[in-house]
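Accompanying notes for the structure given below.
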Amino acid sequence: MSTETAPAADRAVAPPPAGWEEARSRVYAVGLAAALPAAARPLADTDGHTLAEPLTTRTDLPAFPTSSVDGWAVRGAGPWRVVGRVLAGNTPAPLTEDGTTVEIATGAMVPEGTTAVLRVEESRTSEGLVSGTPRETPEWRQPGEEASAGEELLPTGTPVDPAVIGLAASCGHDTLRVRRAPRAALLVFGDELLTAGPPATGRVRDALGPAVPAWLRRYGCQVRPSDVVGPVADTLPAHVAALRAALANTDLVCTTGGTMHGPVDHLHPALEALGADYVVNTVAVRPGFPMLLARLAGADGRVRFVAGLPGNPQSAIVALVSLVAPLLAGLQGRPMPALPHATLAERVPGRGDHTHLALVRLDRAAGTAHPVRHVGSAMLRGLAGADGFAVIRPGTTGEPGDRVPVVPLPLLPGERS
């Protein structure tokens with residue numbers, strides 16, 4: 001590690017930490033205020049983006065009565081004389097006479113005048129006549145059965161995934177007005193880090209450089225291989241240069257380590273040199289202390305953000321779920337992430353006047369949260385077997401049977417729990 005130290009004036013005492021819930025609300029609000037611009041994109045280019053306006057139908061769904069089975073569209077009582085055939089994609093002539101029928105395919109438009117659709121497997125054909133007994137339940141879909149023309153199907157802020165794209169196409173849309181996925185970068189600070197092989201000779205393996213970009217992608221970010229830089233040398237000029245370069249092409253830069261005010265912690269003076277202002281500077285949460293979020297105005301007038309993650313791996317992930325997740329939701333115009341609740345299966349200690357985010361494994365069938373082991377700030381073993389963090393509020397202890405909020409670990413874009 002470099003022996004160069006930050007100037008004494010830069011090693012100021014950190015301000016009182018913000019409450020965890022307050023910090024989440026604050027970063028979501030600034031993210032929403034800086035929401036990425038919206039643009040119309042072809043459907044094929046919208047996966048992973050976010051709806052910038054509600055998705056509505058251009059017609060009734062379905063737009064016309066469609067057969068739900070292969071069979072016969074009949075009029076009146078049978079037996080029925082066959083007068084034609086209807087395939088999907090055609091507009092049929094009406095059935096005008098009782099005792100007549102047309103063969104009909106699944107998805108085909110039901111002719112006007114049809115009184116029932118008889119399933120092919122429940123019909124008999126002899127000498128040009130069709131007989132059988134139609135079921136009492138209509139075998140076709142009525143116009144507007146799924147949605148009426150102009151009806152809102154999905155609200156602004158909905159993440160676009162393949163299901164949403166398919167729904168939009170079925171509604172007749174060729175484009176969607178969306179906000180793009182944010183682009184993020186990661187700067188790894190710390191001369192003591194190894195990027196390959198096992199830890200040795202006082203140096204530890206960097207676990208966050210490979211992991212954080214994958215977490216960011218699960219929050220809907222674009223992270224290119226060239227956007228991951230480090231370890232950055234433990235000098236102030238190297239920190240300033242790395243931050244300036246990363247901010248030029250991204251919406252968010254995450255950094256690992258250097259969030260304290262120690263002799264080789266250069267993040268705070270680097271942010272000062274770049275003219276950043278703090279949205280949050282330290283949060284009263286354990287693990288995860290200290291973390292920060294700062295913002296800067298780019299030359300183009302658009303706001304960029306820097307999220308300072310602690311160097312300890314589990315603490316860094318706590319900072320991601322605490323600050324980065326709500327910020328990214330705001331930038332994408334999505335709702336503030338709602339926290340599900342679960343019942344504690346075991347006791348979870350409190351952390352005094354700090355919020356405790358305790359790693360838990362969820363039993364979704366039972367609705368219970370089970371604390372996991374190996375949860376030190378520098379440990380990742382517990383995180384690898386967990387589903388999220390149980391929130392134990394300041395001044396409290398989590399007791400078996402308590403219903404508590406849970407911060408879920410992010411899924412891949414498009415996944416649903």
To the nearest 0.5 Å, what is the distance between CZ (Arg85) and CD (Glu103)?
5.0 Å
Are side-chain N/O atoms of Thr50 and Arg334 paired as donor and acceptor at under 3.5 Å?
yes
Please find the pair of heavy atoms, one from Val232 and one from Ala238, that lie closest to each other, and give the distance.
CG1-O, 3.7 Å
Any sub-3.5 Å donor-acceptor pair from Ser315's side-chain atoms to Gly288's backbone N or O?
yes
Gap separating the SG atom of Cys171 from the CD atom of Glu151, nearest 0.5 angstrom
9.5 Å
Do side-chain atoms of Asp402 reach the backbone of Val404 as a donor and acceptor pair under 3.5 angstrom?
no
What's the spacing between Leu118 CG and Arg124 CZ if we round to 0.5 Å?
9.0 Å
Test side chain to side chain contact (heavy atoms under 4.5 Å, CB included) on Leu339 and Arg24; report intermediate values, then the result.
CA-CA 12 Å; Leu339 300 184; Arg24 290 182 80 239; 3.8 Å; yes
Within 45° of the six-membered ring axis of Trp215 and under 6.0 Å from that ring's centre, is NZ or CZ of Arg217 located there?
no
Regarding Trp20 and Ser322, is there a side-chain donor-to-acceptor distance under 3.5 Å anywhere?
yes
Aromatic rings His268 and Tyr278: how do their planes relate, parallel, tilted or perpendicular, breaks at 30° and 60°?
tilted
With a 4.5 Å cut-off on side-chain heavy atoms, are Val74 and Val130 touching?
no
Is there a side-chain contact between His239 and Pro237 (heavy atoms, below 4.5 Å)?
no
Can you tell if the side chain of Phe389 reaches within under 4.5 Å of the side chain of Val285, non-hydrogen atoms only?
no
Flag, side chain of Asp363 to backbone of Ala366, donor-acceptor distance under 3.5 Å:
yes
Asp70 side chain to Thr106 backbone, donor-acceptor under 3.5 Å:
yes
Considering all heavy atoms, the nearest Ala168-Leu55 contact:
CB-CD1, 4.0 Å
For Arg177, what residues pass the salt bridge (Lys or Arg N to Asp or Glu O under 4.0 Å) criterion, not counting sequence neighbours?
none
If you look at every heavy atom in Thr368 and Ala345, which pair is closest and at what distance?
CB-CB, 4.4 Å
All heavy atoms of Ala73 vs all of Ile104, minimum pair found to be N-CG2, 3.9 Å
Are any of the side-chain heavy atoms of Pro134 and Val117 separated by less than 4.5 Å?
no
His49 side chain vs Pro159 backbone, donor-acceptor pair below 3.5 Å
no
With salt bridge (Lys or Arg N to Asp or Glu O under 4.0 Å) as the test, would you mind laying out the steps for Arg295 and Asp277 before giving the verdict?
CA-CA 6 Å; Arg295 61 186 163 190; Asp277 67 277; 2.9 Å; yes
Any side-chain heavy-atom pair from Pro408 and Asp387 closer than 4.5 angstrom?
no
Strictly by modelled atom types, are Thr175 and His173 linked by a side-chain donor-acceptor pair under 3.5 Å?
no
Scanning both residues in full, the closest heavy-atom pair of Thr355 with Pro394 reads OG1-CD, 3.4 Å
Atom CZ of Arg403 with >12 non-hydrogen neighbours under 6.0 angstrom:
yes
Salt-bridge test for Arg183 and Asp227: reply yes if a basic N is under 4.0 Å from a carboxylate O, no otherwise.
yes
Just by modelled atom types, is the Ala116 backbone N or O under 3.5 Å from a matching donor or acceptor in the Thr114 side chain?
no
Derivation and outcome, side chain to side chain contact (heavy atoms under 4.5 Å, CB included), residues Val303 and Leu296:
CA-CA 6 Å; Val303 175; Leu296 307 88; over 6 Å; no
Thr115 backbone acceptor or donor facing Arg75 side chain under 3.5 Å:
no
Does a side-chain heavy-atom distance below 4.5 Å link Phe305 with Thr250?
no
Taking C-beta and beyond as the side chain, do Pro143 and Pro65 meet within less than 4.5 Å on heavy atoms?
yes
Other residues, nucleotides, ligands: >12 heavy atoms within 6.0 Å of Glu112 CD:
no
Salt-bridge contact Arg135-Glu121 (side-chain N to carboxylate O under 4.0 Å)
no
If we check side chain to side chain contact (heavy atoms under 4.5 Å, CB included) with Val348, which of these qualifies: Thr396, Ile392, Leu359, Val391?
Ile392
Less than 3.5 Å apart, any donor N or O on the side chain of Ser148 or Asp60 sitting next to an acceptor on the other?
no
How about Val360 and Val372: do any of their side-chain heavy atoms sit closer than 4.5 Å?
no
More than 12 heavy atoms from other groups under 6.0 Å of CZ on Arg347
yes
Hey, does the side chain of Arg179 reach the backbone of Leu36 with a donor-acceptor pair shorter than 3.5 angstrom?
yes
Ser25 side chain to Glu21 main-chain N or O, any donor-acceptor pair under 3.5 Å?
yes
Rounded to the nearest 0.5 Å, how far apart are CG of Leu271 and NE2 of His266?
13.0 Å
Go through the steps for Val283 and Leu323 under the test side chain to side chain contact (heavy atoms under 4.5 Å, CB included), then give the verdict.
CA-CA 9 Å; Val283 180; Leu323 298 184; 4.2 Å; yes
Can you tell me which residue among Thr256, Leu243, Leu309, Leu267 is in a side chain to side chain contact (heavy atoms under 4.5 Å, CB included) with Leu187?
Leu243
Has Glu145 got a side-chain atom pairing as donor or acceptor with Arg141's backbone, closer than 3.5 angstrom?
no
Do you see a donor-acceptor pair shorter than 3.5 Å between the side chains of Ser123 and Trp72?
yes
I would like to know whether Thr397 and Glu399 meet side chain to side chain contact (heavy atoms under 4.5 Å, CB included); could you show each step before the answer?
CA-CA 6 Å; Thr397 297; Glu399 300 295 340; 3.4 Å; yes
Taking 4.0 angstrom as the limit, do Arg41 and Asp47 come out as a salt bridge?
no
Return the minimal non-hydrogen interatomic distance between Gly333 and Leu32, and the atom names on each side.
CA-CD1, 4.1 Å
Are more than 12 heavy atoms from other residues, nucleotides or ligands located less than 6.0 Å from atom CZ of Arg302?
yes
Can you measure from CD (Glu272) to CG (Leu274) and round to the nearest 0.5 angstrom?
10.0 Å
To the nearest 0.5 Å, how far apart are CG in Asp251 and CG in Leu328?
9.0 Å
Verdict with reasoning, Glu346 to Arg373, per salt bridge (Lys or Arg N to Asp or Glu O under 4.0 Å):
CA-CA 12 Å; Glu346 302 173 36; Arg373 307 296 180 248; 3.3 Å; yes
